[in-house]
Peer 1: 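Quick one: the structure is below, questions incoming.
Model, not experiment: these values are computed from the prediction.
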Amino acid sequence: MTQPVSPPRDSRTDKVPQAQPPAWRGLMARADVRTLSLLGVLAVLILVGGITKPDEFLDTRNLQLVLTQASVVGVVTVGMTFVIISGGIDLSVGAIVALASVWATTVATQEYGFAGILFTALIVGVGCGLVNGVLIAYGAMVPFIATLAMLASARGLALQITDGKTQIVTVPSVLDLGERDAYILGIPPLVLVFAVVTVIGWLVLNRTTFGRRTVAVGGNPEAARLAGIDVRRQRLYLYLLSGLCCGIAAFLLIVLSGSGQNTNGNLYELDAIAAAIIGGTLLTGGRGTITGSVLGVLIFFTITNIFALNNLQSDVQQIAKGAIIVAAVLVQRRTASTT
């Protein structure tokens with residue numbers, strides 16, 4: 001009769017060795033802690049706003065305004081998060097938003113109505129992302145230099161198109177999206193678009209091979225190449241994604257302001273990078289979350305709104321943002337040194 005085989009024992013302790021928990025559980029646990037911490041910071045800010053200016057801050061219109069303004073930068077931040085996770089950077093997002101917004105609001109473009117404005121904004125954003133991606137992935141240019149060149153070029157072209165003038169949107173179907181009558185259950189359409197982009201971004205990053213390849217490229221490009229990942233093509237796709245998000249943000253900005261200006265998107269690149277860092281995305285690549293980046297955007301715009309309601313100067317706002325960025329980077333370094 002066959003005797004049952006006993007499990008292997010550890011000679012030092014004479015106990016059955018316990019299986020180690022998979023590494024991804026530790027990563028998920030850290031991600032949950034970061035998310036809860038960001039939610040706590042956001043809750044504290046809402047409490048501060050409610051205490052200092054209860055009537056103004058907690059007013060429904062004000063909260064809708066905060067979410068609407070955050071939506072434009074938030075869409076850009078989703079694309080930026082993917083780029084930074086891959087180990088890259090995109091300094092041109094604000095300039096691309098400006099170029100897409102003015103190109104989509106020229107008189108010739110507006111003749112094609114809603115579809116013409118939307119299509120132009122998207123195609124300009126994707127086109128700029130394509131140029132960035134080709135230069136970085138296949139031209140072996142440093143992302144900092146390539147996107148810096150795009151920043152200058154896109155800003156200059158936007159200024160040339162507008163001749164320094166504001167282009168007013170005259171298409172009713174576009175302007176109507178910014179009116180309160182277009183709100184769905186009290187939620188502005190721009191916020192709904194931001195929510196959809198966020199959900200899609202989260203699913204792509206966490207539930208697809210594209211997201212896993214992005215993390216792999218950011219963590220170790222050479223190891224990713226040896227594993228069969230086309231690193232250059234992946235980087236090209238990521239800058240196309242960033243450009244697409246800029247095109248969507250440009251259209252949202254057109255709806256929000258009812259115009260196209262060469263000054264649109266000013267400092268969006270800094271806001272997007274800062275929000276991603278606060279959300280836990282490593283500047284060195286290989287780690288990041290869409291949820292954290294979105295919470296970072298909401299924290300920034302909540303701070304801005306509180307300062308504005310309390311009549312604090314914009315320079316104080318910038319100092320506060322700078323302090324938050326420094327604190328977030330220090331926390332990241334401390335976390336990285338202990339893992």
Side-chain angles (χ1 to χ4, degrees), residues 23-46 66-67 69-90 93 191 193-208 210-219 238 241-242 245 248-249 268-305 320-339:
W24 63 266
R25 289 187 179 177
L27 293 174
M28 289 297 294
R30 288 196 295 271
D32 290 340
V33 170
R34 286 194 300 269
T35 301
L36 291 174
S37 299
L38 291 171
L39 286 172
V41 171
L42 185 59
V44 170
L45 289 174
I46 293 174
V66 172
L67 291 175
Q69 293 176 338
S71 297
V72 181
V73 177
V75 171
V76 175
T77 303
V78 171
M80 181 69 79
T81 301
F82 276 90
V83 171
I84 297 178
I85 289 175
S86 73
I89 198 73
D90 192 347
V93 290
V191 178
V193 173
F194 176 35
V196 170
V197 171
T198 298
V199 171
I200 293 175
W202 187 91
L203 291 174
V204 170
L205 181 61
N206 296 282
R207 295 291 185 268
T208 67
F210 182 89
R212 289 191 287 272
R213 289 197 299 265
T214 300
V215 175
V217 169
L238 288 166
L241 176 61
S242 179
C245 289
I248 296 173
Y268 275 16
E269 57 277 358
L270 299 183
D271 288 341
I273 293 171
I277 294 173
I278 291 174
T281 302
L282 289 181
L283 276 174
T284 53
R287 192 183 77 190
T289 66
I290 298 297
T291 303
S293 296
V294 169
L295 289 174
V297 172
L298 295 177
I299 287 172
F300 262 176
F301 277 86
T302 302
I303 291 174
T304 300
N305 184 254
K321 288 182 179 181
I324 293 172
I325 295 171
V326 171
V329 173
L330 291 176
V331 170
Q332 279 191 3
R333 292 181 56 132
R334 182 177 180 83
T335 303
S337 64
T338 57
T339 56

Peer 1: How long is the gap from CG on Leu283 to CD1 on Ile273, to the nearest 0.5 Å?
Peer 2: 7.5 Å

Peer 1: Not counting sequence neighbours, which residues clear side-chain contact (heavy atoms from CB on, under 4.5 Å) with Leu38? List them please.
Peer 2: Ile278, Leu295, Ile299

Peer 1: Side chains of residues 70-77: which donor-acceptor pairs under 3.5 Å do they make with residues two or more places apart or in other chains?
Peer 2:
from: Ser71; atom 1: OG; to: Leu67; atom 2: O; distance (Å): 2.6
from: Thr77; atom 1: OG1; to: Val73; atom 2: O; distance (Å): 2.8

Peer 1: Show me the donor-acceptor pairs within less than 3.5 Å that the side chains of residues 197-207 make with the rest of the protein, sequence neighbours left out.
Peer 2:
from: Thr198; atom 1: OG1; to: Phe194; atom 2: O; distance (Å): 2.8
from: Asn206; atom 1: ND2; to: Trp202; atom 2: O; distance (Å): 2.8

Peer 1: List the atom of Met80, the atom of Glu269, and the distance in Å for their closest heavy-atom pair.
Peer 2: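 Heavy atoms of Met80 and Glu269 come nearest at CE-O, 4.2 Å.
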
Peer 1: Measure the spacing between CG of Asn305 and CD of Gln69 and express it to the nearest 0.5 Å.
Peer 2: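 Atom-to-atom, Asn305:CG and Gln69:CD are 7.5 Å apart.
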
Peer 1: Taking all non-hydrogen atoms of both residues, which atom of Phe300 and which atom of Ala275 are closest, and how far apart?
Peer 2: CE1-N, 4.1 Å

Peer 1: Compare every heavy atom of Thr81 with every heavy atom of Thr281, then report the nearest pair and how far apart it is.
Peer 2: OG1-CG2, 3.7 Å

Peer 1: Compare every heavy atom of Ile85 with every heavy atom of Arg287, then report the nearest pair and how far apart it is.
Peer 2: O-CG1, 3.8 Å

Peer 1: How many angstroms lie between atom CD1 of Ile84 and atom CG of Asp90, to the nearest 0.5 angstrom?
Peer 2: 9.0 Å

Peer 1: So which atom in Ala276 and which in Ser293 form the shortest heavy-atom distance, rounded to 0.1 Å?
Peer 2: CA-OG, 3.5 Å

Peer 1: What heavy-atom pair brings Leu241 and Phe210 nearest, and what distance separates the two atoms?
Peer 2: CD2-CE2, 4.5 Å

Peer 1: With no hydrogens and no angle check, is any side-chain donor or acceptor of Ser242 less than 3.5 Å from a backbone partner on Leu238?
Peer 2: no

